[in-house]
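Quick one: the structure is below, questions incoming.
Side chains included, hydrogens not; waters and symmetry mates left out as well; all remaining heavy atoms used.
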Amino acid sequence: MTQPLLDVRDLRKHFVTRTGRLSRARKVVKAVDGVSFTVGVGETLGLVGESGCGKSTLARTVLFLELPTSGEILFEGGRVTEGEAKRLRRRAQIVFQDPYASLPPRMRIEKILADPLAIHGLADRAAIPERVVQLLRDVGLGDGVARKLPHQLSGGQRQRVGIARALSVQPSLIVADEAVSSLDASVRAQILNLLKDIQERQRLSYLFVSHDLGVVKYMSHRIAVMYLGEIVELAPADPLYERPLHPYTRALLSAVPSLGRDGRGRIRLEGEPPDPGDPPSGCKFHPRCPLAQPICSQTAPELKEWLPGRFAACHFALADIEPKPRPETAT
Amino acid sequence: MQVEVGWNGERKERGMRPHDRANEMLEEAESRLGRGEISRRQFIRLTTAFGVTLAAPGFLAACDVGDDAAETPTATGSADGGEPTGSVRFLSAENFWADWDPYQANALSQFRLNKQIYDYLLDFPTGDLSKPEPMLATSTEQIDERTWEFKLREGVVFHDGAAFTGEDVKASIERASGATDVEVVHAGSWVPTTVEVVDDLTVRLKTERPFGPLFSALFNTQIVSAADLAGKAASLKNQPNGTGPWRLVANEPTRKVMDANMDYWAGPPRIKEMIWEFVQDPQTRLSALQAGQAQAIDRVPPEHLEIIESSDDLMLASVTGIENVNLWWRPGRFELRDTSPEFRKAVAWSIDRAALTENLVLGQSAVADSFVPAGALYYEPQSPAYTFDPDQAKELLTAAGVPDGGPEFELWVASGFLPRAEQVVQSITDSMRQVGLKPKIITTDIAGMVDDIFSDDGTGAMYHISWASSGDPNGALAQLIGPGGVWSDKDKRVHSLLADGAAETDPDRRGQIYSELQQHLWEQTPHIPLYYSDFTIGHTKKLVDLRVLPNQFETYFYPASIQE
Amino acid sequence: MSGLATTRADELTAAAAAPPARGRVALRRLGRRKGSIVGIAGLAVVASVAAFAPLISPYEPLAQDITNTLAPPVWAEGGSLEHVLGTDSLGRDVATRLAYGARNSLAISVAAALIGSLLGLITGLVAGFFGGWVDSVLMRLGDMQLAFPFILLAVVILGVIAERTVLHLILVLGVPGWIVYARVVRSRVLAEREKEYVTAARAVGASGPRTLFRYVLPSVWQVIPVIAMLDLGFLVIVESTLSFLGFGLTPPTPSWGSTLAEGRQFLVVSPWLPVLPGLAIMFTVLSINLTADGLADVVDPRLTKGSFRRQMLRLPSRYNRDRGDDQPLLRVRDLAVEFPLGERVVRAVRGISFDLERGQTVGIVGESGSGKSVTALAIIQLLDAPGRVTGGEILLDGQDLTRIDRKAMAALRGRRIGMIFQNPASSLNPVLTIGFQLTETIRTQLRLPQEKAESMARDALLSVGIGNAEHILRRYPFELSGGMNQRVMIAMAMAGRPDLLIADEPTTALDVTTQAQVLEQLRDVTRASDTSLILITHDIALVAEYADAILVMYAGQVCEAGPAETVIRDPKHPYTRALLDSLPRADTPSGARLQAIPGELPDPTIVPRGCPFAPRCPCVLDISWEINPELVEVGPGQTAACHLWTPDEARGAAR
Amino acid sequence: MLGQALRRTAQMTLVVFGVVTLVFFVLRLAAGDPARLLNQPGTPETIVQQVRERLGTDRPLLVQYGHYLADLARGDLGVSFHGGQSVRDAVLEALPNTAALALVTIVVASTIALALGIAAALRPNGLVDRSVLVYVAVAQATPAFWLAVVLVLVFSINLRWLPAIDLTGPKSFVLPVATLVITLTPVLIRTVRQSFLETLSEDHVRAARARGLPERRVLLVHGLKAAALPLVTLIGLQAGFILAGSYVVEFVFNWPGIGKLTLDALASRNFPMIQGGVLVAAVAFVLVNFVVDLVYAALDPRIRLRAS
């Protein structure tokens with residue numbers, strides 16, 4: 001196997017928070033708790049999970065926008081340290097969720113796109129306007145946009161600008177952090193297609209973070225499912241959707257309303273995601289898991305390759321595939 | 001007038017004792033001048049030491065007074081019957097800087113308070129220091145140049161019930177004059193004086209050297225009980241024990257409450273309760289008077305005179321103060337002034353004094369025509385009466401070699417100190433500029449101004465300020481322009497005349513000395529006399545028989561009464 | 001005084017929040033307020049008086065005429081044109097003094113405000129952006145300064161300065177102002193720092209200072225003029241107060257404060273002496289404050305909106321109410337809702353009609369701006385001002401909700417119509433317990449005594465699947481998860497057993513696993529009580545699963561309606577079809593490409609001619625640009641508004 | 001909770017400490033030599049020096065500061081430079097008067113502010129709203145001292161209804177309180193109006209209406225409780241300011257409070273008294289804000305519950 005573009009090893013990001021405005025008591029929130037994965041060249045890795053699972057933190061930590069608590073990040077074969085963040089940013093970029101908030105409200109579009117070029121010395125002063133126009137064309141915007149301010153653009157246009165800004169430094173990796181979540185359906189498809197087109201054209205890799213399983217499926221080659229700071233399942237897209245190994249993935253998939261289904265056979269999860277500052281012992285999913293056994297509350301399962309290319313962190317990942325269905329789950 | 005605030009009488013020996021020689025006496029007086037309480041927004045006059053009054057035998061005879069207390073103009077009290085009624089609230093313009101520690105303070109405010117609580121050997125109901133009336137003394141006689149005998153009143157008791165005797169006079173005078181081994185502020189206006197108690201009701205004062213301004217000193221020296229003086233000073237600081245018409249019942253920092261002394265020897269006062277309270281703002285004082293929340297207010301500024309005069313309920317009690325408001329040159333700061341009499345005269349001719357008094361200061365103010373204030377002993381108007389004469393001023397400037405008016409100099413004025421001081425100075429500078437002079441106004445508070453006058457790195461050349469006195473020319477001049485005074489030009493003639501005046505006890509000879517001095521000063525024009533200021537109390541018409549005198553701005557509520 | 005001191009400290013802090021309008025928009029907004037026009041005009045007058053004082057003043061400011069003191073102004077007895085506003089105690093011309101006073105007062109105040117704002121801007125930026133100990137130190141310093149009476153500080157310092165010049169006052173008044181600006185700037189920087197564009201700047205490699213000055217600063221500095229304006233008014237008053245206390249400009253330099261302080265002693269004799277500068281101060285501060293209000297409005301237009309005021313529709317109804325027994329529970333006819341925004345009008349809903357039978361669930365689907373939420377709010381008559389129903393009718397059991405009075409409508413809410421909203425947490429009062437709010441609702445709707453209501457509250461929670469009701473009743477909304485809050489909302493809305501429940505994006509803020517729970521709960525309780533449900537969502541898949549009928553909206557109009565299953569299986573309107581095709585779904589095979597709808601959503605303030613979807617439509621006809629299609633029947637119970645389905649010649653002509 | 005209290009106390013102490021330190025040094029570095037100012041012109045240096053010794057101003061600044069802090073730690077605020085009265089007594093005597101004035105002012109001002117602010121918010125741009133805003137604008141533009149003088153002129157001197165100065169009884173409160181209220185209310189009214197408007201536009205108010213709650217209940221229970229929070233903060237700040245320095249009002253009305261005490265002391269360079277006055281003001285400020293925080297927490301469960 002060729003060397004992956006991005007290799008994340010046992011990454012952790014813990015936040016220490018005060019519990020109240022006036023209080024001294026502290027709590028450690030393990031937003032990212034020992035995560036490892038790779039992203040190949042030209043590959044899209046989807047990262048899916050519910051709110052608070054740590055997927056956005058992971059995305060930012062990978063780009064050193066948050067400093068990792070521990071773990072390694074290897075990018076293009078080299079280990080990234082805090083001091084090299086600028087080099088990283090020359091090759092790895094991010095597109096944010098909110099096209100309203102992610103563009104500086106007082107800067108003209110041309111300026112927004114020119115600034116990264118200036119920072120990294122990627123173009124002569126004279127060549128910058130031309131390059132800006134090129135970037136705008138790349139994302140399907142006309143030259144007219146250059147002189148405008150963000151609030152004069154529609155949401156879709158803004159997100160295109162955000163993508164153009166990410167592309168401006170000619171990165172090899174783009175982290176898309178819920179990049180289409182706030183867009184309306186009719187515009188979302190445009191942006192998704194644009195991202196795909198760009199990937200094909202420029203052989204980009206994506207780390208595509210979203211809570212929307214449909215979107216992730218559409219975009220990704222492989223998908224990682226996160227629950228409470230950990231990857232619970234990692235697999236190529238199609239098999240993951242056809243036969244999820246982890247009960248959480250299963251529940252997640254079955255919860256998605258879909259056209260032409262009436263919701264029968266849906267797995268109803270009990271309770272709500274636990275407080276990330278105070279996760280359950282053992283397997284973090286066990287209090288809500290329909291398959292839970294005593295061992296689940298004691299031993300945290302490793303992320304293991306149960307089938308070729310398919311990883312899951314569950315003691316009973318193959319429970320419904322293996323011939324011994326346990327009576328407790330029969331109902 | 002000196003002020004000593006919060007002074008605990010723990011001063012160390014200052015090394016220099018008074019001597020016979022006049023110059024040394026003056027130097028000593030100068031050295032004791034000080035410890036003055038000065039503050040912005042108080043209308044305290046920085047009065048100088050008390051004058052040396054020479055009492056001639058003839059004068060003594062003239063003012064020898066009888067024993068009968070009823071004959072004295074002050075002893076009228078409630079003798080005509082009736083319990084004291086009503087309450088008087090007097091709003092003072094001056095904060096009560098001092099405590100009641102006897103002779104350790106000479107703040108004007110403290111003198112004015114003392115007057116209500118304590119009695120004095122003599123009283124000067126007309127303000128003329130040559131016309132004493134009996135008070136605790138019923139008669140006085142000069143035995144020789146240094147010895148005076150006083151007959152004392154019988155049956156007087158202190159507030160604490162102790163009887164008044166010659167011992168009290170002895171303790172008081174010896175303490176105040178610095179004769180006992182205690183250093184007091186008042187000693188600066190005395191010469192050390194020992195008292196011989198001939199009998200319970202007769203005392204003899206013996207001054208260390210001939211002392212002209214004795215009556216001026218007595219004017220300021222309240223009689224305190226000997227027992228109190230022998231005891232701890234601390235209690236006296238808060239609980240004055242006098243023989244006067246009121247006793248102190250509440251001693252708050254800015255408020256003094258007094259109760260009628262029903263055992264007062266001249267009959268109880270007709271006002272039962274009296275409150276003296278410091279209120280800084282003139283408009284607030286006026287409002288209180290108008291609203292009936294005060295019966296008398298201090299220092300009515302010119303702009304309020306008309307309001308009170310036109311009111312049906314209110315009236316004014318106004319006198320010309322024994323103080324001259326001058327523009328004082330500070331020697332050593334402005335060379336042209338130090339060296340050129342023509343320049344000094346030119347400045348004198350550049351001011352329209354009459355306009356100032358008529359349009360700005362108003363009230364009872366009068367144009368100054370001598371360095372000795374009108375109302376003080378031996379005052380003689382001088383000529384020429386300087387007026388605004390630009391031609392003459394310019395001529396003199398040319399003679400002084402500065403036809404363009406010379407360099408810029410600083411003219412300092414203290415806000416909130418003298419009535420309308422800022423306007424007066426603005427008006428003065430306006431006319432000065434017309435002849436080419438270049439004054440630059442610096443406005444500050446009185447504290448800042450005094451600091452500038454006396455510190456070595458001060459920058460002012462001229463100051464708008466006044467020095468009040470009890471009414472003796474010695475007090476008005478000696479410490480200002482005598483040797484050591486900051487305003488002194490080291491003019492030998494001035495110094496020797498001042499020394500002679502203080503040591504002379506014969507009124508005629510004293511008069512000649514001061515006459516010569518006044519002429520000399522007018523000729524030299526070392527400073528610019530402006531006007532004799534106005535002292536005005538506003539009060540309700542129901543308050544009658546209030547005694548308002550220019551001497552130390554005495555405001556005496558005995559035997560005043562509140563009419564229904 | 002003290003009030004104003006606080007003005008400086010706090011009220012101004014609250015003065016600005018949202019990103020301000022810019023340039024011409026800002027000016028126009030400023031110009032719309034009469035108050036700000038008056039304010040700006042007033043300021044212009046004062047400023048020109050100050051600027052041209054030497055030209056317009058008949059005298060020198062220091063020129064005295066001691067023989068003509070306290071001359072009355074021209075309108076008073078004894079006044080003359082020589083001194084229009086009279087003279088002061090030194091015979092100086094009051095008009096001249098006031099004109100020159102304006103110069104000094106304004107110079108002092110303006111310069112002080114500039115100094116304060118500059119210092120505050122710098123410290124606020126630094127404190128907010130770098131945080132940590134720098135922030136702590138600066139903010140503690142600020143606390144100290146606020147605890148230290150500002151006036152006292154000024155007085156202490158000015159009191160010991162012999163010659164107080166304009167410069168002294170500028171410094172003493174200006175420097176302490178930093179904290180006000182710093183606090184505002186800091187809090188805005190903190191807010192901005194959290195925004196993604198700042199992270200984005202870092203992500204493209206911008207250094208700290210570059211981010212601060214090129215990215216954050218431009219979004220932050222706009223608050224400064226507003227605060228500075230209010231500060232200016234405060235400073236004018238403080239300058240006069242200092243003069244009053246005797247610490248103003250050294251005479252004879254005129255300022256309004258010093259003229260007023262000098263004149264104050266003449267209040268009774270010559271009232272105009274203090275009155276005129278007092279009026280000048282009031283006039284100026286008033287102008288400044290009015291301008292500041294206008295500015296604040298530009299920066300943060302909150303003040304003008306946000307109120308709720310329902311207006312009854314006064315147009316006569318076009319429909320006959322006597323429709324007999326076939327009356328559905330809800331009949332909406334030709335409903336139109338508008339939001340007048342300045343000179344523009346947002347036509348949010350443009351004539352929609354639909355029926356809802358008892359016990360039925362209709363899903364209204366549309367993208368942002370399609371008018372689906374506005375329709376819901378119009379039905380329950382809770383449109384935010386300035387929105388209002390401008391036409392049509394909403395018949396609930398034959399009663400037209402747009403034409404009944406406020407009281408009658410209020411009585412219907414909760415009992416006949418319930419509603420739940422998108423964000424459950426903010427739909428509950430944050431400072432009241434769940435129990436309080438639930439019990440209160442039950443008491444109001446069912447007119448029950450407290451005890452009864454409490455036990456009913458427990459039952460209500462049980463009915464939406466909340467087991468530990470006792471525990472939940474004592475909690476505050478913020479202590480519960482979104483899903484839990486939404487269940488509470490459902491319980492509340494259902495407590496009055498309404499005939500109609502409107503759920504406006506009830507699960508958009510929830511996670512997908514919770515979403516399923518909540519929607520099922522919703523379905524269960526509405527079914528149990530035969531309540532009709534309007535489910536508003538942007539997610540067409542949700543409707544497919546939970547609704548009986550579907551209403552697809554686009555640009556304020558219904559473009560397709562019909563039984564949910566039919567519409568999704570066989571959509572007739574190109575928009576519905578495109579919407580379904582553009583949806584990435586879990587069961588979309590990999591490698592498939594989404595059919596994106598080109599173009600953007602229409603601008604709601606522009607009423608399109610013809611079909612609103614025409615610009616984006618793959619099968620647009622010529623007629624589509626001209627005529628807005630009506631809803632026509634395209635199948636059993638299915639209607640669509642598209643010229644493709646208009647039965648006659650139009651369609652034929654196009655093909 | 002204990003840790004929190006300690007932390008708050010430490011913060012407050014720090015603020016007060018900073019304030020007294022600032023005053024101490026500003027006075028001593030800027031206000032000149034009090035011994036010189038206390039003495040009559042021409043006083044020989046030896047005597048001035050004695051006064052300095054008595055006042056303690058002869059020692060190095062830092063030593064003086066140390067003594068001052070040591071005394072302060074013992075609760076000793078020193079004695080007045082004039083008359084030797086205990087500063088603590090003077091301050092404690094003045095404090096209740098200022099506190100009473102502040103309390104009455106706050107009660108009256110917040111009542112008025114709530115009434116007018118809510119009335120204005122209910123009908124934005126209505127007649128009431130416009131009138132209230134006119135009042136706010138005019139009141140905000142009126143200098144307090146000027147207002148005080150005019151009030152005295154009208155009500156005490158011309159009409160003779162009310163005392164012009166002093167604290168002599170309930171009637172004495174009318175004019176000073178009126179002055180303070182008129183200067184305070186603009187800020188309060190704006191805040192109440194603003195926060196009420198904001199609250200009324202919040203989702204939960206609309207949700208309350210959707211549940212069919214009567215309008216009165218929506219406004220008074222749901223609107224008011226949420227809208228009261230910013231008012232509480234603001235009133236706290238105001239209270240601090242009134243306590244700290246109703247200088248003008250106390251000056252004009254001769255009100256025997258902390259403000260007048262401090263101004264009078266400042267006029268006479270009475271350092272210990274000034275320091276005492278400022279100390280009390282600073283302590284009052286932090287205490288009031290502490291109380292406000294507590295009230296705030298009591299009103300807002302989000303703060304109360306997260307803190308514990």
Interface residue of largest heavy-atom contact number with chain C, from R90(A), K217(A), Q97(A), under 4.5 Å: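 The answer is K217(A).
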Reported CG-to-CD1 distance for the pair L594(C) and I191(A), which is rounded to 0.5 angstrom: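 The CG atom of L594(C) sits 12.0 Å away from the CD1 atom of I191(A).
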Side chain, backbone, both or neither: which part of E565(C) has an atom under 4.5 Å from a heavy atom of chain A?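 It is neither, since no heavy atom gets under 4.5 Å.
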At a 4.5 Å cut-off on heavy atoms, which part of L542(C) comes close to chain A: side chain, backbone, both, or neither?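 Both backbone and side chain.
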Under 4.5 Å from any heavy atom of chain A - which part of L580(C):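 The side chain, not the backbone.
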Select one option (side chain, backbone, both, neither) describing which atoms of A237(A) are under 4.5 Å from chain C's heavy atoms.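 The answer is neither part of A237(A).
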At a heavy-atom separation under 4.5 Å, does A200(C) approach chain A through its side chain, its backbone, both, or neither? both
Largest heavy-atom contact set with chain C, pairs under 4.5 Å, which of L103(A), D115(A), L252(A): D115(A)
Between G155(A), A101(A), G162(A), which has the largest tally of heavy atom pairs under 4.5 Å with chain C?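 Heavy-atom pair counts peak at A101(A).
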Work out which heavy atom in G205(C) is nearest to a heavy atom in I119(A); give both atom names and the distance.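 Minimum heavy-atom separation between G205(C) and I119(A): O-CG2, 3.4 Å.
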Under 4.5 Å from any heavy atom of chain C, what part of Q157(A) do you find: side chain, backbone, both or neither? both
Tell me the closest heavy-atom pair linking E50(A) and V512(C), and the distance in Å.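 Shortest heavy-atom contact: OE2-N, 3.6 Å.
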Non-hydrogen atoms of chain A under 4.5 Å away: do they reach the side chain of D581(C), the backbone, both or neither?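 It is neither, since no heavy atom gets under 4.5 Å.
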Contact origin within F64(A) toward chain C - heavy atom pairs under 4.5 Å: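 For F64(A), the contact with chain C is made by the backbone alone.
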For L65(A) and R202(C), the nearest pair of non-hydrogen atoms, with its separation, is O-NH2, 3.1 Å
Has D184(A) got a side-chain atom pairing as donor or acceptor with E367(C)'s backbone, closer than 3.5 angstrom? no
Side-chain touch V256(A)/Q515(C), heavy atoms, less than 4.5 angstrom: no
Any side-chain donor paired with an acceptor under 3.5 Å for R616(C) and S186(A)? yes
Which atoms of R87(A) are under 4.5 Å from chain C, going by heavy atoms: the side chain, the backbone, both sets, or neither? neither
Is it true that R60(A) and E196(C) make a salt bridge, defined as a side-chain N closer than 4.0 Å to a carboxylate O? yes
Approximate separation, where rounding is to 0.5 Å, of L192(A) CG and S582(C) OG: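 If we round to the nearest 0.5 Å, L192(A):CG and S582(C):OG are 9.5 Å apart.
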Ignoring hydrogens, what is the shortest heavy-atom contact between E600(C) and V187(A)? Give both atom names and the distance. OE1-CG2, 4.2 Å
If you take all heavy atoms of P105(A) and Y197(C), which pair is closest and at what distance? CD-CE2, 3.6 Å
Partner chain A: residue of T513(C), I540(C), L583(C), L217(C) with the largest heavy-atom pair count (under 4.5 Å):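 When all of T513(C), I540(C), L583(C), L217(C) are compared, T513(C) has the most.
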Structural part of R214(C) lying under 4.5 Å from a heavy atom of chain A: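 When you check distances to chain A, atoms from both the backbone and side chain of R214(C) fall under 4.5 Å.
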Does any backbone or side-chain atom of Y241(A) lie under 4.5 Å from a heavy atom of chain C? Answer side chain, backbone, both or neither. side chain
Which of I94(A), V215(A), L63(A) touches chain C most, by non-hydrogen pairs under 4.5 Å: V215(A)
Contact winner vs chain A - A541(C), A564(C), A203(C), heavy-atom pairs under 4.5 Å: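 Of the options given, most contacts go to A203(C).
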In terms of heavy-atom proximity below 4.5 Å to chain C, should D177(A) be classed as side chain, backbone, both, or neither?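 No part of D177(A) comes within 4.5 Å of chain C.
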Given side-chain contact (heavy atoms from CB on, under 4.5 Å), test R593(C) with N193(A) step by step and report yes or no. CA-CA 7 Å; R593(C) 199 173 162 83; N193(A) 286 342; 3.4 Å; yes
Measure H120(A) against the heavy atoms of chain C and call it side chain, backbone, both or neither at under 4.5 Å.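 The side chain, not the backbone.
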Which one of A189(A), S168(A), G156(A), P171(A) has the most heavy-atom pairs closer than 4.5 Å to chain C? A189(A)
Is K195(C) salt-bridged to D98(A), going by a charged N under 4.0 Å from an acidic O?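 No, this pair does not count.
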